[in-house]
Amino acid sequence: MSLIVSKFGGTSLASSKAILQVANIIKEDKSRRYIVASAPGKKKNEDTKVTDLLYLTYDLASHDITFTDTLDKVIKKYKEIIDGCNIDLDIDDFFAKLSDELKGKVSREYIASRGEYLNALILSKVLGYDFIDARDLIFFDNDGNFIESKSYQAIEDMKNKHEYAVIPGFYGENLDKKIKTFSRGGSDLTGSIISKGVMADLYENWTDVSGFLSADPRIVKNPKQIEKITYSELRELSYAGASVLHEEAILPLINDGITIQVKNTFKPQDKGTLIVSDSAKKENSSDITGISGKKHFSVINIEKIQMKKDKSFYRKLMSVLEVNRIELEHMPTSIDSISLIVKENQLASNYETIINEIKTFCSPNDISVESNIALITVVGAGMKNHVGLSAKLFSALAEANINIRMIIQGSSELNIIIGINQDYYEKAIDVIYKAFIN
Ligand code: ASP
């Protein structure tokens, strides 16, 4: 029998009705043995996620402002779930203790983690599976770095003792035995880590959409669903803005080539998206898998005649960015010039200092800054050996009268990134979609 790890996101576990639907899905296939649960998310758009309510509760408590109304909303949510699922679980003591803890010296991360803790406990009761606390499986050092060997060993030991189990997502424990959470959306990472630890045949990620779309549906009408995508393609698309999975979720799976399947809890019959290793052959590989992008970049254009003669030029330039804590997104170059593409808000926070330091240390002939830049990434593993693809891309944009400010292509030839004035962002995505996918 194959082994599946199934992670269910917040919307999939936001009400008793949704949880019972999840239980049906899990029970349909005996291979679904290790279940990772998020905290209850939003039932309706105007709802607040339990994790956000817990953060707010902590913030109120830490400012000595009454937090009971906010905590009551959390309690009400869980009571509805417990009643609707018809399970025997008394949470009064749990919340009385939490309320006391909030008056003392607990951490914000600990309070936030209680959302997944309790939801996983509930799901384990609904299913009749063992409950395993994530703090016994996922470990961090005191700087917050995930400790691979200790965690994977603990997960393997857990597998040998428990045939079926539910595990809370989002958190683990550090060496001081304090709760440490991942960044937001981190239950996806828990699912990946558990999948690697038990050497799953498949990691199912159940959410409220039917997988990845080939373009943003707010821009392109009814974009095509992506049925199959490689790890690297997905990294490029997620980096550029597509957000269904946590950006780092595939990292633990790369070495073993474990496949992820993104599925929709509310439309389980939909195919979803399969995320496969780069070496797994893509049948029907089309040229372009997806398009995504982001706005709000700035470009620092630096001109320096005979730049390459100054052997320390790049080092000094990078040092300015490093000292001012600026992340470099891209760096297209030509013989006598170089452009640094950075996030607008990072540059804005220290604009004068950065420009002055570049002038002082790198002695450019000219330096200028352009803002309101959008980057659009066109991704496709199939574009590698395809002649004429960029011609098609640039002609489509030219016909739409969109001026391309810069072109970046990584050596992997997995994507082409174009920089344009962000006023044309939506139009450009639509034009590219029509040229390639539709
Ligand atoms: N509940 C956490 C969040 O809202 C973690 C997760 O859902 O993945 O970010």
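Counting starts at 1 for both ligands and their atoms, in listed order.
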Within less than 4.0 angstrom of ligand 1, does Glu116 place any heavy atom?
yes

Carboxylate-amine/guanidinium contact Lys180 Asp143, below 4.0 Å
no

Give a yes/no on ligand 1: does Gly185 have at least one heavy atom closer than 4.0 angstrom to it?
yes

Within 45° of the ring axis of Tyr171 and under 6.0 Å from its six-membered ring centre, is that where the NZ or CZ of Arg114 lies?
yes

Is the closest heavy-atom distance from Gly115 to ligand 1 below 4.0 Å?
no

With distance as the sole criterion, is a donor-acceptor pair present between the side chains of Asp188 and Asn205 under 3.5 Å?
yes

Arg184: numbered ligand 1 atoms lying under 4.0 Å from its heavy atoms:
3 (C), 4 (O), 9 (O)

Decide whether Asn350 and Thr353 meet the rule of one side-chain donor and one side-chain acceptor closer than 3.5 Å.
yes

Among side-chain atoms of Glu357 and Asn324, is any donor-acceptor pair under 3.5 angstrom?
yes

Please check whether Thr51 reaches ligand 1 - meaning an N/O of the residue sits under 3.5 Å from an N/O of the ligand, judged on distance alone.
yes

In ligand 1, which numbered atoms sit nearer than 4.0 Å to a non-hydrogen atom of Ser187?
5 (C), 6 (C), 7 (O), 8 (O)

Ligand 1 atoms nearer than 4.0 angstrom to some heavy atom of Ser38 are 6 (C), 7 (O), 8 (O)

Which word best sums up how the rings of Tyr129 and Tyr164 line up, parallel for under 30°, tilted for 30 to 60°, or perpendicular for over 60°?
tilted

Ion pair check, Glu204 and Lys7, cut-off under 4.0 Å:
no

Does any N/O atom on Phe170 come nearer than 3.5 Å to any N/O atom on ligand 1?
no

Close N or O approach (Lys7, ligand 1; < 3.5 Å):
no

Taking 4.0 angstrom as the limit and counting only heavy atoms of Lys49, give me the atoms of ligand 1 inside it, by number and element.
3 (C), 4 (O)

